[in-house]
There are 2 protein chains.
Amino acid sequence: MEDHEKIDKARERIIEAIAQNIHLYGLVPSAGRQFGTMFFQNEPLTLDDMTEKLGMSKTSMSTSVRALSELKLVERAWKKGVRKDLYKVTDDWHQSFIDLFSIKWQRSVTLHSAAIKKSLAEYEELLQNPTLSDELREVVEIDISKLKYMKDYYNWLERLIDAFEDQRIFDLVPKFERDSKN
Amino acid sequence: MEDHEKIDKARERIIEAIAQNIHLYGLVPSAGRQFGTMFFQNEPLTLDDMTEKLGMSKTSMSTSVRALSELKLVERAWKKGVRKDLYKVTDDWHQSFIDLFSIKWQRSVTLHSAAIKKSLAEYEELLQNPTLSDELREVVEIDISKLKYMKDYYNWLERLIDAFEDQRIFDLVPKFERDSKN
DNA sequence: TTGTTTGTACAGTTAAAACTGTACGAAAAA
DNA sequence: TTTTTCGTACAGTTTTAACTGTACAAACAA
């Protein structure tokens with residue numbers, strides 16, 4: 001096997017690993033392959049470069065590069081004299097992880113918190129009603145306790161997100177091990 | 001509106017919020033609705049109960065309850081005299097989050113680490129070859145430095161997973177706020 | 001043993017999403 | 001200005017995943 005083939009094979013293995021795990025980012029394997037391909041290029045790529053390297057339509061490249069950008073896995077790059085949009089992989093993967101974590105979970109926290117607040121208010125209002133049957137009163141009280149549990153949980157999640165966003169997570173888990181024996 | 005309708009509406013809002021966010025667990029909305037429905041029941045449910053409550057096939061209930069179980073979002077319950085399988089939602093959501101986090105990311109870490117190790121070995125072998133052209137030697141060296149970066153990142157991710165699994169995350173982000181002002 | 005009940009494998013169908021090609025607006029080049 | 005280039009919206013197609021109904025094995029009951 002030629003040397004350059006060996007290199008390609010070694011790269012391909014990594015790219016495939018990325019493709020198989022990119023679903024954790026809510027992306028489809030082909031977007032992972034796109035990311036992996038960009039990772040091994042030492043220059044930013046244009047949409048046309050990607051089309052050529054991956055053998056997919058330019059439209060696909062455009063949509064998936066946008067998805068990758070939204071998750072901050074790739075970012076735009078500039079190079080003088082080049083008119084086309086250029087993209088390169090973000091160089092701080094820890095930060096990418098944190099961004100992913102924030103973006104994905106913050107949405108969930110916000111949505112749930114709003115729903116919980118609204119439903120809790122409705123339940124409390126029900127309790128004010130003196131004609132509410134004892135049977136239903138008990139149901140409402142149980143539901144309220146469940147919602148309060150959810151509320152505590154999402155409050156924790158919110159604080160967890162904060163701990164990632166403001167980098168305090170690195171106090172608990174430093175970027176590099178003290179005494180690595182690798 | 002009847003009282004019980006108000007209760008249903010308040011519950012439905014929460015269930016829908018869960019359904020809309022369950023994709024974070026790699027599940028589809030209907031599985032979220034199933035989970036949400038179980039959450040508001042005070043007794044464990046059978047597959048037939050779920051079929052009735054959600055108006056979906058028993059086969060679907062079976063497959064999605066298994067998916068929910070694998071993520072430790074629901075667990076089997078036992079009740080004397082009941083032959084059918086019973087399921088209820090797990091009561092420690094913080095732990096469910098940790099389990100999710102572990103299950104999902106550990107796979108990724110393992111897979112990537114193996115790929116990186118293998119490719120790194122192949123690159124090192126290439127470097128041993130004295131006939132390797134200077135041009136390719138440089139490519140290999142750049143790739144090696146990229147793989148080492150990946151390796152460090154996945155090592156961090158592994159330690160992060162550990163910090164969740166052994167509950168040290170709660171040192172950084174306690175389950176309950178000290179002085180909560182809700 | 002034989003007859004029920006229960007959960008799930010499997011094949012088929014329906015629904016969703018990934019992907020492509022065309023067409024077009026915006027921006028740069030001529 | 002006109003012409004060219006570039007990125008993406010959109011409609012249509014293909015691929016994939018979700019869901020259903022049937023059929024059957026395992027476990028229990030009679």
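Here the structure is a predicted model, which means the values were calculated and not measured. Lettering of chains follows the sequences in order, A, B, ..., and the numbering in each one begins at 1.
Using a 4.0 Å heavy-atom distance criterion, B:Arg66 is classed as a sugar-phosphate-only contact. Residue A:Ser64 is out of contact with every strand shown, counting any heavy-atom pair closer than 4.0 Å. Nucleic acid contact class of A:Thr63 (heavy atoms, under 4.0 Å, all strands): none.
Residue A:Met50 contributes atom CE, which lies 14 Å from atom P of D:dC6 at whole-angstrom precision. When rounded to the nearest whole Å, the span between OH of A:Tyr87 and C1' of D:dT8 equals 10 Å. Computed from coordinates, the B:Leu27 CG to D:dA17 P distance equals 15 Å when rounded to whole Å. Note: NZ (A:Lys58) to P (D:dG7) measures 5 Å, nearest angstrom. Residue B:Met61 contributes atom CE, which lies 14 Å from atom C1' of C:dG7 at whole-angstrom precision. If you take CG of B:Leu54 and P of D:dT20, they are 10 Å apart, rounded to a whole angstrom. Per the geometry, CG belonging to A:Leu45 stands 16 Å off C1' belonging to D:dG7, to the nearest Å. Atom CZ of B:Arg33 is separated from atom P of D:dC19 by 9 Å (rounded to the nearest Å).
When distances are taken from the side chain of A:Ser62 to each of C:dT20, C:dT8, D:dT8, the shortest belongs to D:dT8. The listed nucleotides are D:dA18, D:dG7, C:dG7; the one nearest the side chain of B:Leu47 is C:dG7. For B:Arg83, the side-chain atoms get nearest to D:dA27 when compared with the rest of D:dA27, C:dG7, D:dC19.
Note: B:Trp78 CH2 to B:Asp85 CG = 8.5 Å, rounded to the nearest 0.5 Å.
With DNA chain C read from its 5' end, the first of the two nearest nucleotides for A:Thr59 and B:Thr46 is the one closest to B:Thr46.
A sub-4.0 Å separation between OP1 or OP2 of D:dC19 and a side-chain N or O of B:Ser57 is absent.
For the ring-ring contact (aromatic ring centres under 6.0 Å, His included) with B:Phe35, the lone residue among B:Phe40, B:Tyr25, B:Tyr87, B:Trp93 that qualifies is B:Trp93.
Salt-bridge annotation for B:Lys88 and B:Glu75: present, with a side-chain N of the basic residue lying under 4.0 Å from a carboxylate O of the acidic one.
At a cut-off of 3.5 Å, with distance as the only test, a side-chain donor of B:Ser57 or B:Ser60 sits close to an acceptor on the other residue.
Taking the six-membered ring for Trp, A:Phe101 and B:Trp105 have ring centres at least 6.0 Å apart.
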